[in-house]
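Chain A is the first sequence line, chain B the second, and so forth, proteins listed ahead of strands; every chain is numbered from 1. Since this is a predicted model, take the numbers as computed values, not measurements. Just the heavy atoms: all of them, side chains too, but no hydrogens, waters or symmetry mates, feed the values below.
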Amino acid sequence: MPEKYDFRSVEKKWQDYWYSERVFEVTEDKSKPKFYALIEFPYPSGAGLHVGHIRAFSSMEVISRKKRLEGYNVLFPIGYDAFGLPTENYAMATKQHPRKVTDENIAKFSEQLMEVGYSFDWSRVVDTTDPGYYKWTQWIFIQLFKHGLAYKATTSVNFCPKCKVVLANEESQGGICDRCGSEVEQREKDVWFLRIRNYAERLLKNLDKLNYPERIKTEQQNWIGRSEGADVTFTVRFDGGEYPLVVYTTRPDTIFGATFLVVSPEHPLLKDHFDAVLNKAEIEDYQQKARLKKEFDRVQVNKDKTGIKVEGMVAVNPITGAEIPVFTADYVMMDYGTGAIMAVPAHDKRDWDFAKKFSLPIIEVIKSDVDVQVEPYCAKEGSGVMVNSGFLNGLKVKPAIKKMIEYMEQTGVGKAKVDYKMKDWAFNRQRYWGEPIPIIHCPHCGQVPVPDEELPLRLPDLKDFTPTDDGTSPLSKCTDWVNTVCPVCGSPAKRETDTMPQWAGSSWYFLRYESPHDGAHVVDPEANKYWGQVDWYNGGMEHVTRHLIYSRFWNQFLYDIGVVKDEEPYIRRSAQGLILGSDGEKMSKSRGNVVNPDDVVKQYGADVLRLFIMFIGDYEKPAPWSEEGIKGCNRFRQRFWGLLDMISDKADTSDLNLDSLVKQVGDDYENCKFNTAIAKLMTALNTVYARGSLTKKEFDTLCILLYPVAPHITSEMYSRVHGGAKIDKTSWPKYDPKRLVEDAVEIPVQVMGKLRGRITIPTGSDEAQALSAAKEAGLIDGDIAKVIYVKDKIINVVLKR
RNA sequence: GCCGAAGUGGUGGAAUGGCAGACGCGGCGGACUCAAAAUCCGCUGAGGGAUGACCUCGUGCGGGUUCAAGUCCCGCCUUCGGCACCA
């Protein structure tokens, strides 16, 4: 029996070697092809490493270790996305400075990651809260500002009364604060935005070129939300004037069925010409209610439609000349389209509901089986023929849209327009622990960027960084810092006190890894020339519509201004599934089903933790934790260790096709099928155990194939057999394509599609040979009508009846 | 409402249209042991049958295509994820 494997001393030994000899640190070695593997850098929370991190990081860890043996120069970096609210909140609660908390958390994370044995290049660690790093975050912001892509605007924003912070829409979904769960209020505020909408078309279009899973592309497409339609100008008449009112519609073909107009309660029509409104009190009351309504309530889809008729105003349909009433209703949003719609109740569910409630006429303009007085007919493009529509009559929907847009453009009534659901990126936080926005407000010069030579604009070392009740940043309390002079004219001026959102630092960190210590550039052009794009980026589905889009946007911008050489940052993307608790529920403290990776490492060692996480199931799907499953992987490791005592020249290798194993395991790793790769290695191990011995070549191959997942034990075993040689200096095994198949194959014999038996025939046999073998075996009797033979796979005969 | 993913033994999960259930867990039986644990060997979808290899059924439900369907098509049900009064 082999000695018991002592994982503690072995894992320590190899980790010491990897990290003290800097085995995984890389430079721009032009003699080798490069490979850049990236994982989403963690937020260093006080809770430490989570098993979810292990799953997320282990895929690129496996790929990195494999690629190195294949001869690639692999950049596999790590860093910390360390600005953010949880740290700040924890710091306030424990009366410490967030700097201190962050440093402690980073130290803890680094130690934990090393104990798992990850092959990161630890010389390239980035920390988004390091002034040497955020200097460049600020520099990029200034470039965006100079190119007109950063602007300050007053809008209604989501304000969390508890966190005292303005939230982006995506942080307050369902009207609930992402951070604390409180209900969000609407407030007017002057905030910074980035014009990501200018990049919407490109972000969408480039998806075609990228190797992202379809589900990720789909989510990004939905998020960007492109629609083709037209801006159409109606005229609103009232006592003493006219007002051109532009509506956005994707269905200009239905304009003959527009029986009323609806404007959002915030629409300028109701400000600019409020004098003309006859029922002022009613409208004001309604506007007030809409403002107080939380966004969540307002967007409830199935609630009753509410609204008020705007008395004293009437709109003119520019195509038919008909006069139609004007309403205001909160089902029309100010921040999409133009904040005003033409309502076509016959063919839109919302307009239909509204029309029924207010007894407005419903005119059918697309022929269908349904009675539009009873229910709306919401025709998809291309289904149905136009009726009651003048010159469009008889056309199908699609050509009708085209014809109407042409007509509108000729007559100047409207013009084609593409719109996007994606909104500009609200780029601000009213909190302390973030990058200061490097802008100075000068009474004469307006918004002036901080000069490059003054970057980084450091966060002042505040003692009290609790948020202010009025929603302004804690930085506003630091008057020494706020009061400055204008870099242009020298007048007394004030600094911007908002900080950047947490998404800022993570929008370009992958570039910083390429030259983490460069003091003169965002990324050293030489380093960028060598490392270029991220070859493979793994991360969570939860970041697909925020971080992944934001960082693509920044990279495209940096490409446009000549800072980086590639338009898209990531060539390939994968996404791990969630690790659930053993109860099948999402891990959470309140459920008490959280597994701490530290505990697993202590009890079983890093290799078993890594093996189990990779074996647990389909990498891209959620998988429940299992204590029993861990034990199985522990057993596998011990059995693998037993191979040391089984090496023999006399081993019979006929039952193990190494070429096939090398191909299958390698392919599985490359396709994120880590679970089946490990299963195949288990099968091979069982084969070797059944025969009791293996050759040195088989031993080496098994060790190297398992090495990316379990590097400690395989390093030790390889070293013992090869007089201290290092497995990380070997090469990934090659396979001979000619030897992937055996001399003989066993194939099933079917009669009329039913399994009758099996025969063994020489590989590559033709139909006649296979058929005679099947007959010889007595598996076929009766008159044969047809034979289906798939070489080396199956033979199926159809009998005459 | 729209878009997407999924539904397979006791269990986690495998299967380019070609032997359903690989591999792991659990369970049962055996070996070793005074005994237990650990380890090793064997069996393990359901039903039937002469219980050594024969039959029937079986991948959420109902139809279909095919020599052959977990896989493809049509129609449902359920679960999960994303978007959402988006005009």
Please name the nucleotide paired to [N] by Watson-Crick or G-U wobble geometry with both distances under 3.5 Å, or report none.
N	result
B/rG1	B/rC83
B/rG62	B/rC74
B/rG49	none
B/rC28	B/rG42

(message) Can you check the distance between B/rC61 and B/rU11, where both ends of the measurement are the P atom (answer in whole Å)?
(response)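 Nearest-Å result for B/rC61 against B/rU11 at atom P: 15 Å.
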
Below 4.0 Å: OP1/OP2 of [N] and any side-chain N or O of [X]:
X	N	result
A/R215	B/rG81	no
A/Y248	B/rA87	no
A/S227	B/rA87	yes
A/N675	B/rA14	yes
A/R639	B/rG24	no
A/K673	B/rA15	yes

(request) Verify the distance criterion only: is there a donor paired with an acceptor across the side chains of A/Y331 and A/D351 at less than 3.5 Å? (result)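 Side-chain D/A pair, A/Y331 to A/D351: present.
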
(message) Between A/S264 and A/E266, do the side chains contain a donor N or O and an acceptor N or O under 3.5 Å apart?
(response)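 Judged by distance alone, the side chains do pair up.
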
Would you mind reading off the distance between [X] atom [atom1] and [N] atom [atom2], rounded to a whole angstrom?
X	N	atom1	atom2	result
A/D231	B/rC86	CG	C1'	14 Å
A/M334	B/rA87	CE	P	16 Å
A/F640	B/rG24	CZ	C1'	17 Å
A/H347	B/rG1	NE2	P	21 Å
A/R756	B/rC67	CZ	C1'	13 Å
A/I613	B/rG12	CD1	C1'	13 Å
A/F612	B/rC23	CZ	C1'	13 Å
A/I678	B/rC25	CD1	C1'	15 Å

(message) Students often get this wrong, so: under 4.0 angstrom with heavy atoms, is A/R635 touching a base, only sugar-phosphate, or nothing?
(response)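 Sugar-phosphate, no base atom in range.
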
(message) Counting the atoms with a prime plus P, OP1 and OP2 as sugar-phosphate, which does A/S626 contact under 4.0 Å by heavy atoms, base, sugar-phosphate, or nothing?
(response)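 Nothing, no nucleic acid heavy atom in range.
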
(request) Check whether more than 12 heavy atoms from other residues, nucleotides or ligands sit under 6.0 Å from atom NZ of A/K402, and answer yes or no. (result)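 12 or below, so no.
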
(message) Taking atom NZ as the centre, does A/K415 end up with more than 12 heavy-atom neighbours from other residues, nucleotides or ligands that are less than 6.0 angstrom away?
(response)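 Atom NZ in A/K415 is not crowded, with 12 or fewer foreign heavy atoms closer than 6.0 Å.
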
(message) With nearest nucleotide decided by heavy atoms, which residue, A/N796 or A/I747, maps closer to the 5′ end of RNA chain B?
(response)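 The residue whose closest nucleotide sits nearer the 5' end is A/I747.
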
(message) Return whichever of A/Y619 or A/M342 has its heavy-atom-nearest nucleotide of RNA chain B closer to the 5' end.
(response)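 It is A/Y619, whose closest nucleotide lies nearer the 5' terminus.
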
(request) Under the side-chain contact (heavy atoms from CB on, under 4.5 Å) rule, collect the residues that match up with A/S58, sequence neighbours excluded. (result)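 A/S58 satisfies side-chain contact (heavy atoms from CB on, under 4.5 Å) with A/I54, A/Y118, A/M614 only.
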
(request) When you get a sec, tell me which of B/rC83, B/rG81, B/rG24 is the closest nucleotide to the side chain of A/N686? (result)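 Output: B/rG24.
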
(request) Choose from B/rC86, B/rG13, B/rC83 the nucleotide whose nearest atom is closest to any side-chain atom of A/W223. (result)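 The answer is B/rC83.
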
(message) A/R215: which residues meet the side-chain hydrogen bond (donor to acceptor under 3.5 Å, both in side chains) condition with it, sequence neighbours left out?
(response)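 Once residues adjacent in sequence are excluded, A/R215 has no partner under the side-chain hydrogen bond (donor to acceptor under 3.5 Å, both in side chains) criterion.
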
(message) Can you tell me whether the base of B/rG9 sits syn or anti, using the 90° cut around 0 to define syn?
(response)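 You should classify B/rG9 as syn.
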
